[in-house]
Amino acid sequence: MGQIGEAVRRAAAKLEAAGVENALHDAWRLMALALDGDPLLLRLRAGDDLSAEQESAFDALICRRAQREPLQYIEGDTEFMGIRLRVSESVLIPRQDTETLCSEALRLLDPGDRVLDIGTGSGALAIALKRLCPGAAVTAVDISPAALEVAKENACRCGAGIEFLRSDCFGGLAGRRFEMIVSNPPYLTQEEMQTLMPEVQREPEGALFGGADGLAFYRRITAEATQHLTPGGHLLFEIGWRQKEAVSALLRESVGEPHAIRDLGGNWRVVWACRRAAACGAQGD
Ligand code: GLN
């Protein structure tokens with residue numbers, strides 16, 4: 001029978017050999033999960049003995065992580081904008097990068113605005129916007145029924161009143177208009193899909209792959225955006241780090257003058273535009 005600290009160190013070596021980044025961190029987290037304890041407090045108990053049951057529960061979790069299952073799927077949750085969200089293999093794991101989009105949307109949002117989140121996945125963006133701007137009326141759509149189940153459960157747990165609909169982009173939203181549309185669509189290119197980290201390969205392809213050049217969803221959404229944006233309404237996208245020019249051009253063509261924002265890592269991560277007046281006349285508003 002081993003002690004907690006020793007078992008964690010042994011497991012971390014195994015994870016590191018399997019190519020896991022932050023192996024020691026993950027090993028402590030999984031020990032906490034196995035013992036149903038707090039990962040930080042657990043370090044104070046490094047000398048405590050493990051029961052045979054605890055050891056085998058821990059080994060099973062370490063095996064999953066060594067096979068490069070993401071820590072968030074094993075733990076079953078993650079944090080986005082300070083909000084705990086359940087995640088499963090049906091949804092993309094919310095990234096810190098996406099907080100850039102969320103923060104920019106909050107800056108542009110007025111209470112009372114109708115907001116649409118396209119491709120909501122776990123519901124991260126929609127839930128954070130509703131929680132941080134409770135006056136907004138938030139609608140969230142996804143093509144995946146399994147993702148919508150996760151998103152609904154997350155919204156329910158957070159007490160965030162959100163309208164969820166199954167819809168392929170604007171497909172199920174005929175006649176609906178919004179003051180703001182946000183989307184973190186699938187945007188990886190065919191080439192990028194070939195070189196994904198093993199952890200990312202576990203995430204839904206439908207949440208990652210944006211067609212050969214990664215731009216398919218930006219084309220679809222910008223092409224129809226003015227039918228669903230109120231005059232002066234905002235469309236905000238998360239983008240891949242090399243997509244600023246291409247997505248800006250699509251926005252300029254169909255919506256309005258584009259603005260770009262970098263993420264905390266310094267990469268271009270968000271582009272947005274306000275629906276121009278000329279387009280509004282053309283749509284007969
Ligand atoms: N940011 C994700 C990644 O790099 C991609 C998410 C997306 O396609 N929207 O894995």
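Whatever order the structure lists them in is the order used to number ligands and atoms, beginning at 1.
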> Are R157 and E153 within salt-bridge range, i.e. N to O under 4.0 Å?
Replying inline: yes
> Nearest to atom 4 (O) of ligand 1, what protein heavy atom do you find, and at what distance?
Replying inline: L188 CD2, 4.2 Å
>> Between D117 and T120, is there a side-chain donor-acceptor contact under 3.5 Å, judged purely by atom types and distance?
In response: yes
>> As a check for students: among P94, P185, G210, P186, identify the option with a heavy atom nearest to atom 9 (N) of ligand 1.
In response: P185
> Counting heavy atoms only, which part of R95 comes closer than 4.0 Å to ligand 1: side chain, backbone, both or neither?
Replying inline: side chain
> Distance only, no hydrogens: is a donor on one side chain within 3.5 Å (strictly under) of an acceptor on the other, for Q243 and Y187?
Replying inline: no
> Can a non-hydrogen atom of D97 be found less than 4.0 Å from any atom of ligand 1?
Replying inline: no
>> Please evaluate residues E69 and E199 with respect to the criterion side-chain contact (heavy atoms from CB on, under 4.5 Å), reporting the C-alpha separation (whole Å), side-chain torsions for both, the decisive distance (0.1 Å), and the verdict.
In response: CA-CA 6 Å; E69 184 173 345; E199 282 82 357; over 6 Å; no
> Salt bridge or not for K130 and E163, using N-O below 4.0 Å?
Replying inline: no
> Identify the closest protein heavy atom to atom 8 (O) of ligand 1: which residue and atom is it, and at what distance?
Replying inline: Y187 N, 3.0 Å
> Are any of the heavy atoms in A207 under 4.0 Å away from ligand 1?
Replying inline: yes
